[in-house]
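Computed over heavy atoms, backbone and side chain alike; hydrogens, waters and symmetry mates excluded. Just so it is clear: chains get the letters A, B, ... in the order the sequence lines come, proteins before strands, and each one is counted from 1.
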Number of protein chains: 2
Amino acid sequence: MQARRLINNPEAVSEGTVNRLSLYSRLLALLEAEGLTVTSSKELSDRMQFTATQIRRDLACFGQFGKRGIGYQISDLKRAIDKILGVHLRRKVALVGVGNLGSALLGYRVLRDHNFEIVAAFDSDPQKWSLVINNVLIQKPEELTETVKSQQIEIGIIAVPVEGAQKALNLLVSSGIRAVLNFAPARLATPRNVQLRNVDLSIELEGLSYFLEHEV
Amino acid sequence: MQARRLINNPEAVSEGTVNRLSLYSRLLALLEAEGLTVTSSKELSDRMQFTATQIRRDLACFGQFGKRGIGYQISDLKRAIDKILGVHLRRKVALVGVGNLGSALLGYRVLRDHNFEIVAAFDSDPQKWSLVINNVLIQKPEELTETVKSQQIEIGIIAVPVEGAQKALNLLVSSGIRAVLNFAPARLATPRNVQLRNVDLSIELEGLSYFLEHEV
DNA sequence: TAGATTGTTAATCGATTAACAATC
DNA sequence: TAGATTGTTAATCGATTAACAATC
C-alpha cells in the first residue's frame, strides 16, 4: 500500500507535515474536550491557519483515516496521529547545561504535559554537582554516557553557552542519542543519522527586528 | 532601483531569507574575528549549510554588496546585513509571564549579546509584584500599556501558561506592540500588522519523537 | 436519491539551483 | 590578458492548492 511505503520512508514526509501533525493533534484534543465526536477537514481548516486540502494531503502520507461523505472520528484520528508522532510513548530526556535556561526547563510544564520527561541533567560546573533541582540530580558530564544507557534516554537537550554547544552535542551523540534539541545560537555539525532541531532565540528576535525596520 | 523597491516591500522577502541573513551575519563576525577581511559566496557556503547561489540570491533582495571577481568586504557586508535586520539598534523588550521560563529569560545572555534588552516584566501573580529579578521590576499587567509607552518598548515576549497566552497577546497588541515572540504552545490570533513568531517546544520535541519512531 | 466529504490527480505557486554574461 | 566571482536569468524542484471522481 502506498501509505505503508511512506511510513517506512520518513524522508518522503516533509518537516512541515510533521510539524502540522502536532497542531492537528492539539486541535483534535480541543474538539474532543468540547464534546464533539466527528469532524471534517473543512471544520479543522476553519479553526486553523491551514487549508482543508493541506490537512487531507498531510494525512494521506500515512494512510486513510476518514470516511467519504462523513469525515473523521475525532478520537480515532487523534490516536492515529499520536501514534504516528510516537507521542503515545513517554520519552526520557537528558539535559546538558543547567544554567539559567536549563534550570527553567527542569520545571517547565510544557515538557511534562507532552509526555517528555527530563530524567538526568549534566553541567561542567563542579559547584552544581550533586545538587537536585525538581527531583533531578545534576551530574558530571563524564557520567552522561553511562546514565543515558542505564536510563534508556532517547532525547538530548543542549542548554549550554554557545562555546560549549558542539562539545555537548558530540558527547550526546557518542553516547548513542539520536535526537537533540539545541538552544545554543549555533549551527552544530551532526552525523546524518542524528536529528538536530534548533531553537534559536536570536534568529527569532532578529526576524522581529527586521519586521519592525521594514513594515510600513 | 530594483533592490530599493524590495526594501520597502518586505512581503517580497521570505522569512527563510530573513532567517538566513542572521546566520550570514553570525558567520561574518566569526570570519572577522579570525582576521579575514575579504570573503566570497563560495567561502561562506563552505562554512554553512547553504549554497553559494542561495547566499548571493538572498543578498540580491537588498542590493549589491560585492565586487565581481573579488568577493565581499567582510566588515562592510556585515554592517550592511545588520542594518537590514535592524540589529544595529538596541531593542527594548517587555516580558509577560515571570514563571520558570520567564525568569530564565531575564538573565539569558543570548538576548543581551544580540542587542535585545528586557526592560520590563509583568505577571498576574500579586506575590511577584514589586519583586526585582536581574534589575527588572515585576509589575502588574495593568501597568503594561503605560510602561510600553513611556519606555518605548518595541517587542513583547509571552511566557505565560497556554491558558493565558491569547490574553497576554491582546494586551501587548492593544498597548501598541507590533512584534511578539510567543513561547506558549498555542497558535494565537493576531492582527495582520503584528508580527508573531512562535517558539513551540512541544512541536520541536514531537518532531524528534517522530524521527525516533520512523528513522531506520 | 441528493448532499457531503474524502482521497488523489493535475495545476499552480514559490523557493532553490544551475548556468552564464558582466566585470573586477 | 586569464582567472575569479558577482548579480541575474532560466531551469528545476518541492510544496501548496484546485478540481473532481469515488463513496458514504
Contact class for Thr51(B) vs. all strands (heavy atom < 4.0 Å): base, sugar-phosphate, or nothing? sugar-phosphate
Atom CE of Met48(B) and atom P of dT16(C): how far apart are they, to the nearest Å? 13 Å
Under 4.0 Å between a Lys/Arg side-chain N and an Asp/Glu carboxylate O for Arg26(B) and Asp200(A)? yes
Expressed in angstrom and rounded to an integer, what is the separation of Ile70(B) atom CD1 from dT5(D) atom C1'? 8 Å
Quick check on DNA chain C: between Gly69(A) and Thr53(A), whose nearest nucleotide comes earlier from the 5' end? Gly69(A)
Nearest whole angstrom, please: distance from the C1' of dT5(D) to the CD of Gln73(B). 15 Å
Starting from P on dT6(D), measure out to OH on Tyr24(B) and report it in whole angstrom. 12 Å
Expressed in angstrom and rounded to an integer, what is the separation of Phe62(A) atom CZ from dG7(C) atom P? 14 Å
Basic-acidic side-chain contact under 4.0 Å: Glu32(A), Lys78(A): no
Here the distance between atom C1' of dT8(C) and atom CD of Gln64(A), to the nearest Å, is 10 Å
Check: Gly97(B) main-chain N/O paired with Asp123(B) side-chain donor or acceptor under 3.5 Å: no
Residue mapping more 5' on DNA chain D - nearest nucleotide basis, Lys42(B) or Arg56(A): Lys42(B)
Out of dT8(C), dT16(D), dT8(D), whichever nucleotide has its closest atom nearest the side chain of Gln54(A): dT16(D)
Could you tell me the separation between the CZ atom of Arg57(A) and the C1' atom of dT5(C), rounded to a whole number of Å? 17 Å
Would Glu206(B) and Arg20(A) count as a salt bridge (charged side-chain N to carboxylate O under 4.0 Å, His left out) here? Give the steps. CA-CA 11 Å; Glu206(B) 292 187 2; Arg20(A) 285 190 294 272; over 6 Å; no
Round to a whole Å and report the spacing from CD1 of Ile74(A) to C1' of dT6(C). 16 Å
May I ask you to evaluate whether Tyr72(A) reaches the phosphate of dG7(C), defined as a side-chain N or O under 4.0 Å from OP1 or OP2? yes
In terms of side-chain heavy atoms of Arg68(A), which of dC24(D), dA22(C), dT8(D) is nearest? dC24(D)
Between Ala52(B) and Phe50(A), which has a closest nucleotide on DNA chain D that is more 5'? Ala52(B)
Intra- and inter-strand pairing of DNA chain D, written as dot-bracket with Watson-Crick and G-U pairs under 3.5 Å and | for the latter, reads ..||||||||||||||||||||||
Test item: Leu208(A) and Ile203(A) side chains (from C-beta on) under 4.5 Å apart, heavy atoms: no
Run the numbers on Val38(A) and Tyr72(A) for side chain to side chain contact (heavy atoms under 4.5 Å, CB included), then give the verdict. CA-CA 6 Å; Val38(A) 174; Tyr72(A) 304 92; over 6 Å; no
Categorize Ser40(A) for me: base, sugar-phosphate, or nothing, with a 4.0 angstrom heavy-atom threshold over every strand shown. sugar-phosphate
Do NZ/NE/NH1/NH2 and the carboxylate oxygens of Arg178(B) and Glu154(B) come within less than 4.0 Å? no
Categorize Ser41(B) for me: base, sugar-phosphate, or nothing, with a 4.0 angstrom heavy-atom threshold over every strand shown. sugar-phosphate
